[in-house]
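First comes the structure, then the notes that go with it.
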Amino acid sequence: MFESTVVESKKQKFGLQKYMTLPVSVGLHVVVIAGALFGAVWNIEFPENSPAQVAQYSVAAAPPPPPPPPPPPPKAASVKPVEVRPVDIPKDLQDLAPTVVPDSVKPVESSATDAGVEGGVEGGVEGGVLGGVVGGVVGGIVTDTMPPPPKEQAPLRVGGDVKAPVVISRVDPHYPEVARKARVAGIVIVECIIDKNGIVRDVKVLKPLPFGLDQAAADAVQKWRFRPGTLNGQPVDVIFNLTVNFKLN
C-alpha cells in the first residue's frame, strides 16, 4: 500500500512540472527579447535637425542665380544716300544776256508790305529804315557811337608824382564839455579821401581820444575844403591823413 502511494505521488508531480515548463520558458524569452530591444533603442542617437530642415538650409545657402545677359544694342538706322544730280549749264549762256540797254524800265509792282521808303537808297535792303547806312545788314546790331565812359580811378596815396592837397578852408572842432572838465587834451589822427573837387569823405579815425573828442574831430574835418591833389597836373582822388589838435586854454 505504501509503495503504491509513492508511485502515484511521483506521477502527479511529474505531470505538474511538465505543464509549468512551457509558460516559464515563454516568459523568459519575452523578458530577454524586451531587454535587447530596450537596449538597442536606448543607444540610438536621433539627429537634432530633420531631413526637411537640412534640405531647407542647404537651399538657403546656395548662391543666387547669375543675372540675365543685357539686351543686344539697337541696330543703327540705315541712311539712304542722297542723290546728287548734276546741273545742266546752257552752252549759249553768253548769247542769252542782253546786249542793248533799254530806254525805259518798267517798275515792278509790289504789295503794301514791301513798299520802299521815300528817300531810300537804290539797291537798298527791303524793309530798311529811312537814313540807314548803305550796305547795312537786315536785323543788324545797333552800335553805340558814344565812347565808353572812363573808368573810375581808385584813390591814390600822396607821394612821387601824386601831389598832396592843400587846405583852403578849415573849421575848428567842437570841444565837448565833459572832456574839458576832465582836462583831456591831445591830438586825433584821421584818414580820409579828398576827391577831385576838394571835398572830404570816408573819414576813419586812426588815433582816437576819449570823451567824444575823436567824433568831434571827424565831424570837423568833413567840413574842411581843399585844393585837390594832382597827378601830372590832373586832379585825382587821394588818401590823406589829417591831424586835429585839442588844447585846453
Side-chain angles (χ1 to χ4, degrees), residues 110-249:
S110 60
S111 59
T113 55
D114 53 8
V117 179
E118 183 180 357
V121 181
E122 183 179 357
V125 180
E126 182 180 349
V129 182
L130 179 63
V133 180
V134 179
V137 181
V138 178
I141 301 174
V142 179
T143 57
D144 191 1
T145 56
M146 297 295 294
K151 296 182 179 179
E152 186 176 356
Q153 189 177 11
L156 305 175
R157 288 196 176 272
V158 176
D161 295 336
V162 181
K163 305 300 180 183
V166 179
V167 62
I168 58 177
S169 176
R170 187 191 302 266
V171 176
D172 293 335
H174 171 70
Y175 212 121
E177 189 64 25
V178 61
R180 190 185 303 275
K181 290 181 179 180
R183 309 291 295 175
V184 177
I187 60 174
V188 175
I189 301 176
V190 298
E191 181 185 78
C192 59
I193 296 176
I194 301 175
D195 61 12
K196 300 174 184 179
N197 299 321
I199 299 175
V200 180
R201 58 185 177 87
D202 298 343
V203 179
K204 181 172 62 176
V205 178
L206 299 181
K207 183 180 180 301
L209 282 178
F211 298 105
L213 293 177
D214 49 359
Q215 186 61 41
D219 295 341
V221 298
Q222 287 182 349
K223 301 176 182 178
W224 293 9
R225 293 296 178 264
F226 290 82
R227 186 181 296 114
T230 58
L231 174 61
N232 298 328
Q234 299 296 326
V236 291
D237 297 348
V238 296
I239 302 174
F240 202 57
N241 293 346
L242 298 175
T243 301
V244 180
N245 192 4
F246 289 92
K247 296 181 180 179
L248 290 172
N249 297 330

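By the side-chain contact (heavy atoms from CB on, under 4.5 Å) test, Q234 pairs with no residue at all, sequence neighbours left out. Partners of N241 under the side chain to side chain donor-acceptor pair (under 3.5 Å) rule, at least two apart in sequence or in another chain, do not exist in this structure. Residues satisfying the salt bridge (charged side-chain N to carboxylate O under 4.0 Å, His left out) criterion with R157, sequence neighbours excluded, are E191. The side-chain contact (heavy atoms from CB on, under 4.5 Å) search around D172 returns none, not counting sequence neighbours. Residues meeting the side chain to side chain donor-acceptor pair (under 3.5 Å) test with R201, sequence neighbours left out: D237.
Nearest approach of P235 to P228, heavy atoms of both residues: CB-CG, 4.1 Å. When all heavy atoms of W224 and V200 are compared, the pair lying nearest together is O-CG2, 3.8 Å. When all heavy atoms are compared, the tightest approach of V236 to T230 is CG2-C, 4.0 Å.
Side-chain atoms of D195 come within 3.5 Å of backbone N or O of N197 as a donor-acceptor pair.
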Could you pull out every donor-acceptor pair under 3.5 Å between side chains of residues 177-187 and any protein atom, sequence neighbours left out?
none

Please table the atom pairs, donor to acceptor, closer than 3.5 Å between any side-chain atom in residues 162-169 and protein atoms at least two apart or in another chain.
none

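Applying the salt bridge (Lys or Arg N to Asp or Glu O under 4.0 Å) test to every pair with at least one member in residues 238-249, sequence neighbours left out, gives no pairs at all. Sorted by first and then second residue, the pairs that involve residues 170-203 and meet ring-ring contact (aromatic ring centres under 6.0 Å, His included), not counting sequence neighbours, are Y175-F246. Sorted pairs that involve residues 217-234 and meet salt bridge (Lys or Arg N to Asp or Glu O under 4.0 Å), not counting sequence neighbours, are lacking altogether. The stretch residues 179-200 participates, sequence neighbours left out, in no ring-ring contact (aromatic ring centres under 6.0 Å, His included) pair at all. Within the structure, ring-ring contact (aromatic ring centres under 6.0 Å, His included) contacts touching residues 185-222 (residues at least two apart or in different chains) do not occur.
At most 12 heavy atoms of other shown residues, nucleotides or ligands fall within 6.0 angstrom of atom CG in D161.
F226 has its side chain out of reach of V238: every pair of non-hydrogen atoms, C-beta onward, lies at least 4.5 Å apart.
Interatomic distance, I199 CD1 to I193 CD1, rounded to the nearest 0.5 Å: 13.0 Å. Atom CG in L209 sits 13.0 Å away from atom CD in Q215 (nearest 0.5 Å).
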